[in-house]
Structure formats: C-alpha cells, structure tokens
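Beneath this line is the structure, given in structure tokens, with notes to follow.
A note on names: the letters A, B, ... follow the listed sequences, proteins ahead of strands, and every chain is numbered from 1. As the structure is a computational prediction, the values presented were derived from the model and not from experiment.
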Number of protein chains: 2
Amino acid sequence: MQNSKPLKRTKQGKSPKPSKLAEETAKAAREAGNCVCFNVRKTARLISQSYDRALKPHGLNTNQFSILALIGAVPEPQTLSDTARVLGMDRTTLSRNLRHLNKAGLAQTLLDGQDARTRRLALTDKGWTVLAAALPSWRAVQGRTLAAMGPKSWPALRQQLDHLGQATAMAG
Amino acid sequence: MQNSKPLKRTKQGKSPKPSKLAEETAKAAREAGNCVCFNVRKTARLISQSYDRALKPHGLNTNQFSILALIGAVPEPQTLSDTARVLGMDRTTLSRNLRHLNKAGLAQTLLDGQDARTRRLALTDKGWTVLAAALPSWRAVQGRTLAAMGPKSWPALRQQLDHLGQATAMAG
DNA sequence: CTGGTATATGTGTATATACACCTTTATGAG
DNA sequence: CTCATAAAGGTGTATATACACATATACCAG
C-alpha cells in the first residue's frame with residue numbers, strides 16, 4: 001500500500017496560517033478551473049471511457065476504432081503523415097499506435113512505389129471485418145451520447161471544437 | 001528506420017477491386033468522422049500542445065498545472081479520490097500523476113488524522129512558488145486561446161462540455 | 001468482539017501522447 | 001554529378017490514462 005516515503009500528518013485543530021504567497025496564489029488558482037485546455041481534456045477523458053466500453057467487445061478502444069475508420073474511409077492508401085494530420089495526432093504517436101493495429105493484424109503498412117521514404121496505410125481483410133463488426137457498436141454509443149446531450153447541440157459543438165483546434169494553431 | 005517486418009508494395013496502375021464488405025464498410029466508416037469522442041479527443045490533443053509549450057518554461061505541462069492549481073485552489077487538503085473526481089480523472093491516474101509532482105517537490109501527500117486510509121493533498125512551499133510563477137504564463141495562453149476562438153463563444157462551449165461529461169455518465 | 005461489507009488507496013499491465021533527435025531518401029542549385 | 005537542404009519516417013524518453021486486481025482500514029450487524 002505504502003508509497004515508500006514517510007508521510008506527514010495533517011495538522012489537527014487550527015489550520016496553519018497560510019503564507020502571503022499562498023493566499024494570493026490560491027485566489028488566482030481558482031481562475032484555472034476555467035482553463036480551456038483542462039476542460040476539453042477532462043471531457044475527453046470522461047467520454048472516452050464510455051466509447052471504450054462500447055467498443056471493448058470488438059477488442060478495440062476508441063482511438064483504435066478512429067484510426068481504422070479513417071484508414072477505411074479513404075479510397076486509396078494515404079501516407080502516415082497525412083493520416084496523422086487528419087487525426088490531429090503527432091506523426092510519431094500515430095506511428096506507435098499503428099504498431100498495435102499491425103500486430104493485431106488489422107492494419108498494414110505498405111511501401112510506396114514512387115517514394116522509398118513514404119509508407120501508406122491500408123486495412124487487412126481482418127481489419128475490414130473487425131471494423132464492420134464494430135460499426136454498429138459505435139453507432140449505438142454515438143446515438144446514446146447524442147441523445148443524452150440533446151442531438152441538436154452536437155453540430156454547433158463540433159463546429160466550435162474544430163474552430164478551437166484551428167485557433168490553437170494560430171495562438172501558438 | 002525499418003519497422004522489422006517486410007512490407008508489401010502498393011500496387012501501381014489499376015487499383016484493386018475492393019471487396020463487397022470493404023465497399024460497404026468504407027461508406028459507413030465515413031460516418032465515424034463525426035464521432036463525438038474522436039472530435040473531443042482530437043481537440044484535446046491539439047490544444048494541449050499549445051498549453052504545454054506555454055507552461056514548459058516552468059517545468060510543467062498542462063496536466064500538472066491543472067492538478068497543482070486545483071490543489072492550491074481549495075482551502076483545506078482534499079482526499080485523493082475527491083480530487084480525482086473534480087479533475088474528471090481516474091483515481092489511479094491521479095495517483096500516478098502525483099508521483100511526478102511529489103518527486104519534483106511540488107506537492108505532498110499527507111496522512112489524515114481521522115482515517116488511516118485516506119491521503120490528503122497539499123502543495124509544498126516550492127509548489128506554491130512554481131504555481132505562482134506559472135499562473136501568468138497560463139493566463140497568457142488562455143487569453144490567446146480565448147481571443148483566437150472569439151471570447152464570447154467560450155462560456156457556451158464550456159457549458160456544452162460540462163453537459164457532455166455529465167451526459168456521458170448517463171449514456172453509460 | 002467478530003465477521004462481512006464498504007471505502008480509500010496502491011500495483012500490474014496495456015495503451016496513448018508528443019518532443020528531441022536520428023536515419024534515409026528526394027530534390028534542387030551549381 | 002555533387003552537395004545542401006528538405007521531407008518522411010523511426011527511436012529514446014517522459015508522461016498520461018484507465019481497467020483489473022490487491023491491500024489496508026473502517027464500520028456495522030449480531
């Protein structure tokens with residue numbers, strides 16, 4: 001159970017007089033509850049759990065499902081970098097996420113005929129099968145989510161999220 | 001460079017005839033671009049990079065900043081579980097995130113006088129100092145973000161995110 | 001008191017995420 | 001052709017994330 005270090009004990013009775021710095025900083029810190037980044041990340045954490053549970057019977061999590069769906073959605077195999085861009089994901093992150101999908105036999109990385117540097121992404125037969133099987137589960141959780149949030153509000157929310165992603169690039 | 005496995009080559013010239021399954025699934029997969037979970041996660045990835053850069057001079061990332069700010073914002077040390085709940089973070093995730101903050105000497109985990117099971121979270125003096133120093137950087141990036149997205153739209157967006165987080169709990 | 005249950009937390013494991021840096025290949029200037 | 005530079009991708013490292021499971025403690029019914 002123990003976390004290695006010896007722990008102090010919270011003082012009982014009168015709470016210690018906070019330092020001047022602490023007093024001012026505590027007040028300012030309450031602003032940070034309004035942090036855009038924190039609130040988006042928090043929502044991402046919460047909603048991911050819901051989608052992960054829904055996709056679990058297919059051996060996928062929401063991230064893997066999104067990658068498979070994107071690879072499957074485009075007619076010709078795209079490069080790793082382009083795919084990462086569409087996913088809003090760092091190239092190296094996608095590279096590593098693909099390892100799991102490769103190992104699971106769901107996705108394949110193909111050489112390009114023109115450029116020896118580039119890799120192109122495609123689904124395997126098994127990948128198509130798993131994706132096809134997972135889609136109804138995704139539709140179900142997506143439907144429940146839209147219903148719970150009021151389906152009308154999603155288009156506006158999505159637009160704002162897109163806008164925020166773009167704005168972020170601007171804002172540095 | 002190589003990823004161990006021998007890679008196939010994308011076929012040149014005429015593209016292969018897609019299977020019936022692939023054809024239907026590809027069409028369905030395009031729906032998934034509208035996935036609520038994917039879009040929230042994507043925005044979270046993008047915006048996090050911006051905040052991480054802004055906080056980097058203080059040795060913090062956006063997640064660590066949020067945790068410090070929350071610990072600092074409440075008057076009395078709260079339990080780990082309660083703190084995790086407010087952060088919308090799994091208890092065990094917070095537990096591990098705290099290790100870094102403990103090791104860095106920014107946060108401390110205190111024993112509770114009443115209940116030997118519970119741990120309460122507080123900032124160290126160094127934690128107060130670092131948080132105080134980081135707050136202006138956070139205000140700056142938050143300000144840039146709000147400006148770039150149109151400051152009027154944030155309150156509504158935040159409300160929708162909160163709602164979505166709640167809805168998620170309902171939707172299973 | 002004692003055993004059963006609930007609560008608070010830590011661990012094992014798997015995956016996600018991105019920056020800094022490196023290698024390989026393409027491309028263009030001369 | 002050759003070298004400089006750019007572009008595509010992989011690796012090292014650090015952190016984030018959560019589920020399943022394990023441990024320690026509290027608390028309550030009998």
Side-chain angles (χ1 to χ4, degrees), chain A residues 1-5 7 37-38 41-42 44-53 55-56 59-67 78-85 87-104 109-121, chain B residues 1-5 7 37-38 41-42 44-53 55-56 59-67 78-85 87-104 109-121:
Chain A
M1 184 71 163
Q2 215 39 308
N3 209 346
S4 70
K5 294 297 178 80
L7 301 180
C37 186
F38 164 64
R41 286 176 64 94
K42 174 179 168 181
R45 282 191 292 264
L46 293 173
I47 195 173
S48 293
Q49 295 180 41
S50 178
Y51 278 69
D52 281 350
R53 265 196 302 279
L55 294 167
K56 187 167 187 177
L60 297 176
N61 61 28
T62 187
N63 190 52
Q64 295 164 340
F65 172 82
S66 296
I67 295 172
Q78 302 295 306
T79 68
L80 198 154
S81 290
D82 285 347
T83 304
R85 205 166 1 258
L87 291 167
M89 188 179 286
D90 189 89
R91 180 182 55 76
T92 64
T93 301
L94 176 57
S95 184
R96 279 177 162 127
N97 289 347
L98 282 169
R99 285 193 184 172
H100 309 303
L101 297 175
N102 282 327
K103 186 171 297 187
T109 302
L110 305 167
L111 291 173
D112 184 278
Q114 309 305 128
D115 190 328
R117 294 170 301 178
T118 78
R119 301 286 180 270
R120 291 183 179 274
L121 308 177
Chain B
M1 181 73 163
Q2 214 41 306
N3 209 347
S4 69
K5 293 297 179 79
L7 301 180
C37 186
F38 164 63
R41 285 176 64 95
K42 174 178 167 181
R45 282 191 291 266
L46 293 172
I47 195 174
S48 293
Q49 295 180 43
S50 178
Y51 279 70
D52 281 350
R53 265 197 301 278
L55 294 166
K56 186 165 187 178
L60 298 175
N61 62 29
T62 187
N63 190 52
Q64 295 164 338
F65 172 82
S66 296
I67 295 172
Q78 302 296 305
T79 67
L80 197 155
S81 290
D82 285 346
T83 304
R85 205 166 1 257
L87 290 167
M89 187 180 287
D90 189 88
R91 181 184 54 75
T92 65
T93 302
L94 176 58
S95 184
R96 279 176 161 126
N97 289 348
L98 282 170
R99 286 194 183 170
H100 309 304
L101 297 175
N102 281 327
K103 187 171 297 187
T109 303
L110 305 168
L111 291 173
D112 183 278
Q114 310 304 131
D115 189 330
R117 294 170 302 179
T118 78
R119 302 285 181 273
R120 293 185 177 274
L121 307 177

- Query: Would you find a donor on one side and an acceptor on the other, under 3.5 Å apart, between the side chain of A:Arg119 and the backbone of A:Thr109?
  - Reply: no
- Task: Name the closest nucleotide to the B:Arg117 side chain, picking from C:dT17, D:dT15, C:dT7.
- Result: C:dT7
- Task: Please determine, for the side chain of A:Met89, which listed nucleotide (C:dT25, C:dT17, D:dC19) has the closest atom?
- Result: C:dT17
- Should A:Thr93 be listed as having a side-chain N or O under 4.0 Å from OP1 or OP2 of C:dA18? yes
- Using a heavy-atom cut-off of under 4.0 Å over every strand shown, decide if A:Thr118 touches base, sugar-phosphate, or nothing. sugar-phosphate
- Touch class at under 4.0 angstrom, heavy-atom based, for A:Arg96 against every strand present: base
- Picking from C:dA26, C:dT17, D:dG10, the nucleotide nearest the side-chain atoms of A:Ser95 would be D:dG10
- Minimum heavy-atom distance between B:Arg45 and A:Leu87, given as atom pair plus value: NH2-O, 2.6 Å
- Would you kindly give the CG-to-P distance between A:Leu46 and D:dT17, to the nearest whole Å? 11 Å
- Item | Distance below 4.0 Å between B:Asn61 side-chain N/O and D:dA16 OP1 or OP2 | yes
- Message: Within the 4.5 Å heavy-atom criterion, are A:Leu98 and A:Thr83 side-chain neighbours or not?
- Response: no
- Round to the nearest Å and state the distance from B:Leu98 atom CG to D:dA14 atom C1'. 17 Å
- Message: Using the side-chain heavy atoms of B:Arg91, tell me which of these nucleotides is nearest: D:dG9, C:dC19, C:dG10.
- Response: C:dG10
- B:Leu55 atom CG is separated from C:dC19 atom P, nearest whole Å, by 14 Å
- Task: Give a yes/no answer on whether the side chain of A:Asn97 brings an N or O atom under 4.0 Å of OP1 or OP2 in C:dT15.
- Result: no
- Is a donor on one side and an acceptor on the other found under 3.5 Å between the side chain of A:Gln64 and the backbone of A:Asn61? yes
- So what does A:Ser81 hit on the nucleic acid, given a heavy-atom distance under 4.0 Å: a base, only sugar-phosphate, or nothing? sugar-phosphate
- In whole angstrom, what separates A:Asp90's CG from D:dA16's C1'? 15 Å
- Just checking B:Thr79: base, sugar-phosphate only, or nothing, at a heavy-atom cut-off of under 4.0 Å? sugar-phosphate
- Any side-chain N or O of B:Gln64 less than 4.0 Å from the OP1 or OP2 oxygen of D:dA16? yes
- Between B:Leu80 and A:Asn63, name the one whose nearest nucleotide on DNA chain C is closer to the 5' end. B:Leu80
- Message: Need one value for B:Asp52: base, sugar-phosphate or nothing, where a base atom within 4.0 Å counts as base even if backbone is also close, heavy atoms only.
- Response: nothing
- Task: Round to the nearest Å and state the distance from A:Asp115 atom CG to C:dA26 atom P.
- Result: 5 Å
- Task: Specify the separation, in whole Å, of atom CD of A:Gln114 and atom P of D:dA7.
- Result: 19 Å
- Counting any heavy atom closer than 4.0 Å, what does B:Lys103 reach on the DNA or RNA strands: base, sugar-phosphate only, or nothing? nothing
- B:Gly88 to A:Leu46 - nearest heavy-atom pair and separation: O-CD2, 4.0 Å
- Message: How many whole angstroms separate atom CG of B:Leu94 from atom P of C:dT11?
- Response: 14 Å
- Donor-acceptor under 3.5 Å (A:Ser95 side chain, A:Arg91 main chain): no
- Between A:Thr92 and B:Ala116, the residue closer to the 5' end of DNA chain D by nearest nucleotide is A:Thr92
- Task: Check whether any side-chain N or O of A:Lys56 sits under 4.0 Å from OP1 or OP2 of D:dA20, and answer yes or no.
- Result: yes
- May I ask you to evaluate whether B:Arg99 reaches the phosphate of C:dT11, defined as a side-chain N or O under 4.0 Å from OP1 or OP2? yes
- Nucleotide D:dG9, atom C1' - distance to CG of A:Leu111 in whole Å: 12 Å
